[in-house]
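The sequence lines fix the lettering, A, B, ..., with proteins before strands; numbering per chain opens at 1. Values below: every heavy atom of this structure, side chains too, minus hydrogens, waters and symmetry copies.
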Amino acid sequence: MKKDKGKGRSRGLSRRAFLGSMALAGGTAVLGHPKKAGGSENFTGYPGSYGMLTDLSLCVGCRSCEKACNEANDLPEPETPFTDSSVFDEERRTTPGVYTVVNRYETPGGKVVYRKIQCNHCMEPACASACPIHAYTKTPEGPVHYNEDLCFGCRYCMIACPFYVPTYDYESALEPKVEKCIMCLGRIRDGLKPACAAACPMGAVTFGRRDDLLKLARQRILRSPDTYVDHIYGEKEAGGLNWLYLSPVPFEQVGFPKDVPMQPPISYAKGFLAAVPSVFVIWPAFFGMLYAAVRHRENHETEKEGAGSEEVRK
Amino acid sequence: MNGEAEYALKKTDFRSWFMGKLLMGMSWPEYMRSLVTPFNVVAGAVLAVGLPVIAVRFLFGLESVTHASYEYPWGLLLGWGLFGGVPLSATGFVMATMYYIFGFKAYKPLVRLGVLTGFMGYLFAVLYLLVDLGRPWRIYYPMVVQFGTASVLFLVAWHVATYLTVQFLEFSTTILEWLRARRVRLWAVRITIAMTIAGIILSTLHQSALGAMFLLAPGKLHPLWYSSYIPQLFLISSVYAALAMVIAVSTLVARYLRGATDETYRGNLDRLTLGLGKGAVAAMYVYFAMKLVAVAHADLWGALLTPYGYWYLLEILGFVLAPALVLTYGVKAASALAVRFGAFWAVMGILVNRLNVSIVAFNWNLPHHIEHIVPPWTEVAIVGALLTLHILIFRWIVNRMPVVREEPEYKEAH
């Protein structure tokens with residue numbers, strides 16, 4: 001994809017594609033597949049979009065990615081330096097000033113596995129479908145972009161995200177905003193790798209086109225089936241993520257959230273959304289008729305009462 | 001000379017108007033003295049605590065007064081004020097539909113009370129939201145700046161805003177009668193049917209949309225509460241919530257605002273209460289059946305035998321079926337007292353359900369979930385202050401405007 005071309009098309013395309021998929025999904029739902037509402041018509045991401053592959057078996061917990069992320073995004077200084085490994089004593093999560101963290105897990109098998117957490121940049125993101133102001137955009141490049149100038153702070157995106165990723169600076173009274181990993185959208189548009197991928201000394205974070213990363217992940221599983229569990233996390237989860245994972249242990253053991261659906265969360269609400277326009281059409285007709293029926297009966301009855309003699313004549 | 005006399009006349013006119021309309025016919029000193037009541041003292045104390053807490057929230061951010069965290073962005077303010085308050089404010093649409101569309105003319109004495117309860121409920125739901133919203137001054141953004149058409153919350157925002165307007169217009173006849181604005185009032189009367197049908201559309205959609213909001217969070221909401229039927233469940237329960245709420249509010253008005261009521265209201269109340277009870281109990285059985293259908297559809301019978309399952313059973317047996325049985329008894333035995341008792345219980349059940357969905361069963365499988373269920377005292381203080389304001393304003397209106405009494409001039413003119 002040529003950089004500037006993608007840039008120019010990004011806005012219009014994203015919205016049009018999004019609305020298009022909504023309309024298609026609505027159509028199917030009306031035609032009577034409420035359980036599979038929009039199943040095949042889901043927006044499955046932009047072709048050729050970029051992604052990341054985190055290989056948990058290669059991560060050694062050096063936290064270079066945390067440091068690189070901090071610098072690339074001008075985030076505040078951390079409380080403990082990036083070289084301090086005492087942070088692994090407790091499970092951490094991302095915060096408004098920290099877009100990615102690495103946690104250490106001691107698995108039941110006795111293995112020590114490190115896991116990097118950040119926004120997964122879903123292909124059809126729940127945050128974007130939750131936002132009533134469309135402050136989130138799924139960019140054709142892959143990253144999910146949040147525009148703070150539009151956000152009014154309802155935090156429905158945080159309710160919707162199956163990965164508990166968006167954070168919110170609750171301390172701010174005047175300019176609170178959501179903060180999360182942006183997959184270094186600016187760097188990608190400048191032809192660079194995201195900072196964490198560029199900084200990883202172990203090659204545990206790979207940047208590339210999502211399709212290529214899926215192939216790469218499959219190759220790695222095939223080549224060393226004993227190293228990996230046979231699952232690419234993010235291929236299907238939440239309808240597919242632009243951030244993929246390989247792991248040497250089952251994903252539940254390293255803190256991946258349970259109960260993440262295999263469809264994009266919005267697909268569960270599509271049936272409802274599709275019913276909305278028809279209510280606007282059917283309800284006025286239906287209740288208008290009812291009103292007319294009741295009025296008619298009332299008039300009829302008063303006529304009867306008022307004109308009893310006519311009744312007799314008949 | 002002439003001008004001076006006219007001025008003096010106008011002045012006394014204004015004074016008598018002011019005393020009549022706002023001070024309920026009392027002079028200032030009399031009015032101030034009438035304000036010193038035990039209830040007002042308690043209300044004043046609650047406000048004295050709660051209003052400063054609201055100020056703290058706007059000066060130092062949500063962090064300073066709420067429990068809100070990254071995993072739990074919503075707490076009591078929305079759980080109580082929005083998810084609990086909106087179904088109980090379905091009173092406006094249910095009573096107006098019954099009266100204007102279905103032609104249940106006997107319920108006339110309660111229609112305006114229903115509309116006022118609904119309007120006030122929505123108004124305060126918005127106030128709770130404004131306190132909770134990160135940047136409340138941008139509240140109009142979904143209407144003006146950019147449209148998140150795929151968002152269920154986008155629907156809720158539009159519907160609540162438009163329905164608030166609709167309800168204000170529905171209630172405006174009452175205000176205009178109070179102000180003796182005959183001409184404008186006629187215009188307001190003319191749009192009643194259109195407003196009522198608009199009200200049905202907007203309420204059915206956003207009562208269910210409030211439930212549909214959680215459709216986006218499968219896996220986060222406990223499966224027993226996360227149901228593909230949640231929009232329908234929210235809608236049906238809002239119907240009985242409305243009927244029970246009208247019974248509850250009309251009971252409180254008859255008891256504590258007796259002076260504002262007229263003979264028609266007091267004389268008909270028991271009979272109408274029984275009728276409303278009959279409607280409420282029918283909707284409750286439908287709702288109860290739907291709850292069972294939801295469990296059956298997702299095959300969650302096994303989940304009923306877990307701690308959350310027991311809590312679920314307590315909700316549907318203790319807060320739906322039990323009050324429904326009390327209401328059934330009340331209707332059968334023609335006991336308005338039993339119906340009222342059942343209605344208050346049913347109202348509580350609605351709050352239990354909405355708090356369960358938005359707080360207790362949300363993120364149920366995260367560690368330390370229990371800690372997040374219990375709100376900090378500051379959040380409770382905000383809720384207390386807004387609830388108190390709600391009651392005070394409601395009372396102020398009912399005392400002055402012809403809500404539960406007919407204005408002699410406008411009799412038979414509804």
Side-chain angles (χ1 to χ4, degrees), chain A residues 18-19 22 34-35 93-95 126 128-136 150-160 162 164-177 257-261 265-266 268-269 271-273 275-276 279-280 283-284 287-288 290-291 294-295 297-298, chain B residues 57-64 66 68-71 73-74 97 100-103 129 132-139 141-142 145-158 193 196-198 200-201 204-205 208-209 212-220 228 231 362-363 365-366:
Chain A
F18 205 66
L19 288 175
M22 287 305 305
K35 255 194 107 182
R93 62 150 296 144
T94 61
T95 61
S129 32
C131 181
I133 318 178
H134 214 324
Y136 285 88
L150 295 173
C151 175
F152 71 172
C154 70
R155 313 189 296 285
Y156 187 29
C157 49
M158 300 167 73
I159 293 279
Y164 303 93
V165 164
T167 62
Y168 190 76
D169 49 357
Y170 291 108
E171 283 107 353
S172 171
L174 294 177
E175 294 182 317
K177 58 180 180 293
K258 285 171 263 179
D259 301 326
V260 172
I266 183 67
Y268 295 87
F272 174 79
L273 287 166
V276 170
V279 168
F280 274 100
W283 259 205
F287 286 97
L290 262 176
Y291 174 68
V294 170
R295 280 296 288 266
R297 203 182 56 195
E298 272 172 11
Chain B
R57 176 260 171 272
F58 284 108
L59 290 173
F60 303 104
L62 283 163
E63 174 84 13
S64 53
T66 72
S69 70
Y70 309 133
E71 281 80 14
W74 293 349
T97 308
Y100 292 111
I101 309 290
F102 293 158
L129 177 70
D132 191 70
L133 216 51
R135 303 193 192 193
W137 49 91
R138 289 183 174 179
I139 187 145
Y141 270 30
V145 175
Q146 196 160 230
F147 304 150
T149 43
S151 170
V152 182
L153 185 57
F154 174 73
L155 290 179
V156 174
W158 266 90
I193 294 299
T196 305
I197 291 180
I200 300 173
I201 297 173
T204 50
L205 279 177
S208 45
M213 283 180 72
F214 289 96
L215 287 174
L216 213 55
K220 284 182 149 187
S228 51
F362 190 79
N363 279 344
N365 53 11
L366 287 192

**OP:** Verify the neighbour count for atom CZ of A:R93: are there more than 12 heavy atoms of other residues, nucleotides or ligands below 6.0 Å?
**Re:** yes
**OP:** Could you tell me which of A:T94, A:V279, A:L150 has the largest number of non-hydrogen atom pairs under 4.5 Å with chain B?
**Re:** A:L150
Original post:
Can you say whether B:A68 sits under 4.5 Å from chain A via the side chain, the backbone, both, or neither, judging by heavy atoms?
Top reply: both
I'd like to know which of [options] tops the heavy-atom pair count under 4.5 Å against chain A.
options: B:P231, B:A198, B:A209; answer: B:A209
options: B:T97, B:I139, B:V145; answer: B:I139
options: B:V156, B:V152, B:T66; answer: B:V152
options: B:S228, B:A217, B:S208; answer: B:S208
options: B:E63, B:R57, B:E71, B:R135; answer: B:R135
options: B:L129, B:T196, B:I193; answer: B:I193

**OP:** Show the numbers, then the answer: is there a side-chain contact (heavy atoms from CB on, under 4.5 Å) between B:F102 and A:L290?
**Re:** CA-CA 7 Å; B:F102 293 158; A:L290 262 176; 3.2 Å; yes
**OP:** Can you sort out the partners of A:F152 under ring-ring contact (aromatic ring centres under 6.0 Å, His included), two or more places apart, ordered by chain and number?
**Re:** none
Can you list, pair by pair, the side-chain donor-acceptor contacts under 3.5 Å of residues 165-174 of chain A, counting residues two or more places apart and other chains?
unit_1, atom_1, unit_2, atom_2, d
A:T167, OG1, A:E179, O, 2.8
A:D169, OD1, A:K177, N, 2.6
A:Y170, OH, B:S69, O, 2.7
A:S172, OG, A:E175, N, 2.9

